[in-house]
Student: 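My questions all concern the structure below.
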Amino acid sequence: MFKILNQEDRARRGVLSTVHGEIQTPVFMNVGTCAAIKGGISSNDLYDVNCQVELSNTYHLHLRPSDKVIYNMGGLHKFMNFNKPILTDSGGFQVFSLAAIRKIKEEGVYFASHIDGSRIFMGPEESMQIQSNLASTIAMAFDECIENPAEYEYTKMSSERTIRWLYRCKEEMDRLNNLPTTINKKQMLFGINQGSTYDDIRIYNMKQIAKLDLDGYAIGGLAVGDTVEQMYHTIDVVEPFMPINKPRYLMGVGTPVNIIEAVSRGVDFFDCVMPSRNGRHGTLFTSKGIISVLNEKYKEDKSPIDENCNCPACRFYSKGYIRHLFKAKEMLGMRLGVLHNLYFYNNLMKEIREAIETNTFNEYKKEKIEVLGKRI
RNA sequence: GGGAGAAUUCCCGAGCGGCCAAAGGGGGCAGACUGUAAAUCUGUUGCAUUAGCUUCGGUGGUCCGAAUCCACCUUCUCCCA
């Protein structure tokens with residue numbers, strides 16, 4: 001299933017085979033929560049920005065249009081007409097992000113819908129059932145993502161509950177994959193490590209979930225209030241306990257620099273709303289650093305966002321024009337911003353892969369870390 | 001021709017004697033954004049920035065003190081002819 005092709009120190013170059021095709025890792029998954037990348041990006045555009053994996057959300061799609069509708073439409077791939085791998089997040093992150101409108105119990109989480117306030121319940125079984133209906137390539141375990149900093153005792157209790165939830169997820173996923181009515185009977189399941197910034201909880205948690213023979217393992221609960229140093233430290237602490245022959249996924253991360261740092265620590269999968277959200281807001285990633293095309297200095301700038309970029313925005317349009325689109329609140333501005341950022345992220349991953357293949361990743365890292373995080 | 005009302009900082013618009021460099025929008029400028037309740041949020045927006053200086057159509061006046069009161073002028077809107 002997952003094969004490591006090359007390795008340079010802890011950085012891995014691998015390939016994950018799925019029913020929807022191969023995923024070359026390290027990979028960045030492009031976040032389209034509601035079965036669309038925000039900013040007017042179609043699944044067809046995703047091919048143009050070299051997206052390998054699209055990511056959608058269980059909670060959001062359950063509420064609207066409902067997993068039943070998507071099941072009846074033939075699953076997410078047919079629904080959004082995307083034929084590459086799709087990962088669905090479990091709704092666990094919403095336990096964190098919708099904190100004001102939910103209650104957590106052993107059986108699962110009671111939410112008030114952010115759309116109409118109606119009461120909804122989601123536990124491990126419900127999350128698996130919904131994701132099975134969505135028929136994504138990879139389903140994520142239903143977890144509780146805790147905000148940092150967190151109390152030790154609460155973290156311990158919560159992450160142990162998340163382990164129990166994972167066992168229930170695994171059992172339910174096995175059952176669903178054997179149902180004749182299931183669209184994707186080879187749906188993969190990734191488990192999620194939690195434990196906030198407490199090394200002992202993280203390690204205990206990782207050891208427990210590694211016992212299940214899952215298709216991949218994620219590190220969750222990072223970049224949610226912790227410092228960047230704490231995040232790197234936690235990866236360093238947990239990574240040695242992650243199965244080497246399974247993909248590792250750092251959830252919700254991050255900046256280009258975060259990604260390079262995490263790859264060097266043995267992480268294979270990433271996802272983040274940053275390229276799409278920042279793209280919508282005019283903050284764009286370039287090979288020379290980060291820019292805001294909204295800045296006045298680009299008013300009459302005839303050059304593309306990035307001279308070295310071959311994305312649909314950079315091939316045809318100038319910064320001056322794109323700035324105008326943002327200022328005029330023309331939808332095309334956001335669209336071009338997001339296309340550029342996604343292309344940049346997917347290309348960054350390609351460069352990382354090539355660097356590991358040619359055993360030059362350490363140099364690549366050294367060189368890029370200086371530049372990519374800089375605001376210019 | 002007669003009558004009524006209005007002119008505020010880039011724009012709209014509040015203020016109607018001191019607590020006003022002047023509310024609130026918009027626009028401008030800058031920043032934030034990490035498993036998306038985010039086409040969102042925050043800061044800033046007269047000049048100098050320490051004191052201070054110059055603003056509320058214009059000119060003059062009342063008052064310790066005026067964007068606010070009075071007189072005239074200018075422009076605009078509405079009503080009656």
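Below, read A as the first sequence line, B as the second, and so on, with proteins coming before strands; counting in each chain starts at 1.
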Student: With rounding to the closest Å, how many angstrom separate the C1' atoms on C63(B) and G46(B)?
Tutor: 27 Å

Student: Can you tell me how far C1' in C33(B) sits from the matching atom in A38(B), rounded to whole Å?
Tutor: 8 Å

Student: Could you measure the distance from the CE atom of Met334(A) to the NE2 atom of His281(A)? Nearest 0.5 Å is fine.
Tutor: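 The distance works out to 8.0 Å.
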
Student: Would you please confirm or rule out a distance under 4.0 Å between OP1 or OP2 of A32(B) and any side-chain N or O of Asn278(A)?
Tutor: no

Student: Find the partner of G5(B): check Watson-Crick (N1-N3 plus N6-O4 or O6-N4) and G-U wobble (N1-O2, O6-N3) distances, both under 3.5 Å, and reply none if neither fits.
Tutor: C76(B)

Student: Less than 4.0 angstrom between a side-chain N/O of Ser97(A) and OP1 or OP2 of A37(B), yes or no?
Tutor: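 Answer yes for this pair, as a side-chain N or O of Ser97(A) is under 4.0 Å from OP1 or OP2.
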
Student: Hey, which sits more toward the 5' end of RNA chain B by its nearest nucleotide, Met251(A) or Glu296(A)?
Tutor: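 Closest to the 5' end, via its nearest nucleotide, is Glu296(A).
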
Student: Base, sugar-phosphate alone, or nothing: which one does Glu330(A) contact when heavy atoms must sit under 4.0 Å apart?
Tutor: nothing

Student: Output yes when at least one side-chain N/O atom of Asn295(A) is less than 4.0 Å from OP1 or OP2 of G31(B), else no.
Tutor: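 So the side chain of Asn295(A) is within the cut-off, an N or O lying under 4.0 Å from OP1 or OP2 of G31(B).
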
Student: Regarding Cys34(A), tell me which of base, sugar-phosphate or nothing describes its non-hydrogen contacts under 4.0 Å with the strands shown.
Tutor: nothing

Student: Given the P atoms of A22(B) and G31(B), what is the spacing between them in whole Å?
Tutor: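 Their P atoms lie roughly 26 Å apart.
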
Student: Check whether any side-chain nitrogen or oxygen of Arg277(A) sits under 4.0 Å from OP1 or OP2 of A39(B), and answer yes or no.
Tutor: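 Checking A39(B) against Arg277(A), no side-chain N or O comes under 4.0 Å of OP1 or OP2.
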
Student: Nearest of U34(B), G31(B), A39(B) to any side-chain atom of Arg375(A)?
Tutor: G31(B)

Student: Given that both distances must come in under 3.5 Å, which nucleotide forms a Watson-Crick or G-U wobble pair with U44(B)?
Tutor: G28(B)

Student: Any donor-acceptor pair under 3.5 Å between the side chain of Asp271(A) and the base of G35(B)?
Tutor: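 Such a pair does not exist between side chain and base.
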
Student: Can you tell me how far P of A32(B) sits from CE of Met274(A), to the nearest Å?
Tutor: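 Rounded to the whole Å, the gap is 10 Å.
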
Student: When you get a sec, tell me which of A30(B), A37(B), A39(B) is the closest nucleotide to the side chain of Met334(A)?
Tutor: A39(B)

Student: Ring of His60(A) versus six-membered ring of U36(B): centres under 5.5 Å and planes under 30°?
Tutor: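 The ring of His60(A) is not stacked on U36(B).
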
Student: If we take the C1' atom in both C20(B) and A67(B), what is their distance in whole Å?
Tutor: 9 Å

Student: Checking Arg248(A) against Phe269(A): charged group under 6.0 Å from the ring centre and within 45 degrees of the axis?
Tutor: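 Because its charged atom misses either the 6.0 Å distance or the 45° angle limit, Arg248(A) does not stack over Phe269(A).
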
Student: Find the distance Phe28(A):CZ to U36(B):C1' and express it as a whole number of Å.
Tutor: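 Spelled out: CZ on Phe28(A) to C1' on U36(B) is 12 Å.
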
Student: Side chains of Glu54(A) and Ser43(A): donor-acceptor distance under 3.5 Å anywhere?
Tutor: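 Ser43(A) and Glu54(A) do not have a side-chain donor-acceptor pair below 3.5 Å.
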
Student: Please determine if a side-chain N or O atom of Arg323(A) lies less than 4.0 Å away from the OP1 or OP2 oxygen of C29(B).
Tutor: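 Arg323(A) to C29(B) OP1/OP2: side-chain N or O found under 4.0 Å.
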
Student: So which nucleotide does C33(B) pair with, by the Watson-Crick or G-U wobble rule with both distances under 3.5 Å?
Tutor: none

Student: Rounded to the nearest Å, what distance is computed from the CD1 atom of residue Ile322(A) to the P atom of nucleotide A39(B)?
Tutor: 19 Å

Student: For Leu55(A), answer base if it contacts any base atom (sugar-phosphate contacts may also be present), sugar-phosphate if it contacts only those atoms, and nothing otherwise; contact means non-hydrogen atoms under 4.0 Å.
Tutor: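 The answer is sugar-phosphate, as Leu55(A) gets under 4.0 Å only of primed atoms, P, OP1 or OP2.
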
Student: Regarding Asn258(A), tell me which of base, sugar-phosphate or nothing describes its non-hydrogen contacts under 4.0 Å with the strands shown.
Tutor: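 Base: the residue Asn258(A), judged by heavy atoms under 4.0 Å, touches a nucleobase.
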
Student: Which part of the nucleic acid, if any, lies within reach of Gly221(A) when heavy atoms closer than 4.0 Å are counted: base, sugar-phosphate only, or nothing?
Tutor: base

Student: Starting the side chain at C-beta, find the nucleotide from U34(B), G35(B), G27(B) nearest to Lys329(A).
Tutor: G27(B)

Student: Given side-chain hydrogen bond (donor to acceptor under 3.5 Å, both in side chains), test Asp306(A) with Ser287(A) step by step and report yes or no.
Tutor: CA-CA 7 Å; Asp306(A) 189 340; Ser287(A) 57; 3.0 Å; yes

Student: Provide, to the nearest angstrom, the distance between the CZ atom belonging to Phe326(A) and the C1' atom belonging to G28(B).
Tutor: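 Between C1' of G28(B) and CZ of Phe326(A): 17 Å.
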
Student: Taking the same atom, P, in G35(B) and in U44(B), what whole-Å distance lies between them?
Tutor: 28 Å

Student: Ignoring the backbone of Lys327(A), work out which of U34(B), G28(B), U36(B) is nearest its side chain.
Tutor: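 Nucleotide nearest to Lys327(A)'s side chain: G28(B).
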
Student: Taking CD from Glu144(A) and C1' from G35(B), how many angstroms apart are they, rounded to a whole number?
Tutor: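 Between C1' of G35(B) and CD of Glu144(A): 14 Å.
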
Student: Tell me which of Ala141(A) and Arg280(A) sits closer to the 5' end of RNA chain B, going by the nucleotide each one is nearest to.
Tutor: Ala141(A)

Student: Answer yes or no: is there a donor N or O on one side and an acceptor on the other, between the side chain of Asn341(A) and the main chain of Thr283(A), under 3.5 Å?
Tutor: yes

Student: Taking only side-chain N and O atoms of Gln94(A), does any of them lie within less than 4.0 angstrom of OP1 or OP2 on G35(B)?
Tutor: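 Answer no for this pair, as no side-chain N or O of Gln94(A) is under 4.0 Å from OP1 or OP2.
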
Student: For C69(B) versus G5(B), give the span between their P atoms, rounded off to a whole number of Å.
Tutor: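 It works out to 13 Å between them.
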
Student: Distance-only, no hydrogens or angles: does the Ser113(A) side chain make a donor-acceptor pair with backbone N or O of Ile115(A) under 3.5 Å?
Tutor: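 Pair found, side chain donor or acceptor close to backbone of Ile115(A).
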
Student: Which is true for Ile192(A) with a 4.0 Å heavy-atom rule: it touches a base, it touches only sugar-phosphate, or it touches nothing?
Tutor: base

Student: Which is true for Asp143(A) with a 4.0 Å heavy-atom rule: it touches a base, it touches only sugar-phosphate, or it touches nothing?
Tutor: base

Student: Does Arg102(A) use its side chain to pair, donor to acceptor, with the backbone of Tyr110(A) at less than 3.5 Å?
Tutor: no

Student: Using the C1' atom as the reference point in each nucleotide, state the distance between A66(B) and C79(B) in Å, no decimals.
Tutor: 32 Å

Student: Write down the distance between NZ (Lys297(A)) and P (C29(B)), rounded to a whole number of angstrom.
Tutor: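 Interatomic distance, NZ of Lys297(A) to P of C29(B): 13 Å.
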
Student: Could you tell me which nucleotide pairs with A21(B) by Watson-Crick or G-U wobble geometry, both distances under 3.5 Å, or answer none if nothing does?
Tutor: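 Because no pair has both required distances under 3.5 Å, A21(B) counts as unpaired.
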
Student: Need the pair for C63(B). Rule: Watson-Crick or G-U wobble, both distances under 3.5 Å, any strand; none if unpaired.
Tutor: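 Paired with no nucleotide.
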
Student: How many whole angstroms separate atom CD1 of Ile260(A) from atom C1' of U34(B)?
Tutor: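 Answer to the nearest Å: 15 Å.
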
Student: Report the residue from Leu348(A), Thr255(A), Ile290(A) that forms a side-chain contact (heavy atoms from CB on, under 4.5 Å) with Leu372(A).
Tutor: Leu348(A)

Student: Decide if the gap between the ring center of Phe270(A) and the ring center of Tyr249(A) is smaller than 6.0 angstrom.
Tutor: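 No - the distance between ring centres of Phe270(A) and Tyr249(A) does not fall below the 6.0 Å cut-off.
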
Student: With rounding to whole Å, what would you report as the distance between G57(B) and A7(B) at their C1' atoms?
Tutor: 6 Å

Student: How would you label the contact of Arg64(A) with the nucleic acid (heavy atoms, under 4.0 Å): base, sugar-phosphate, or nothing?
Tutor: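 Nothing: the residue Arg64(A), judged by heavy atoms under 4.0 Å, touches no strand.
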
Student: Please report the distance, rounded to the nearest Å, between CG in Leu98(A) and C1' in U36(B).
Tutor: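 So the CG-C1' distance, Leu98(A) to U36(B), works out to 10 Å.
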
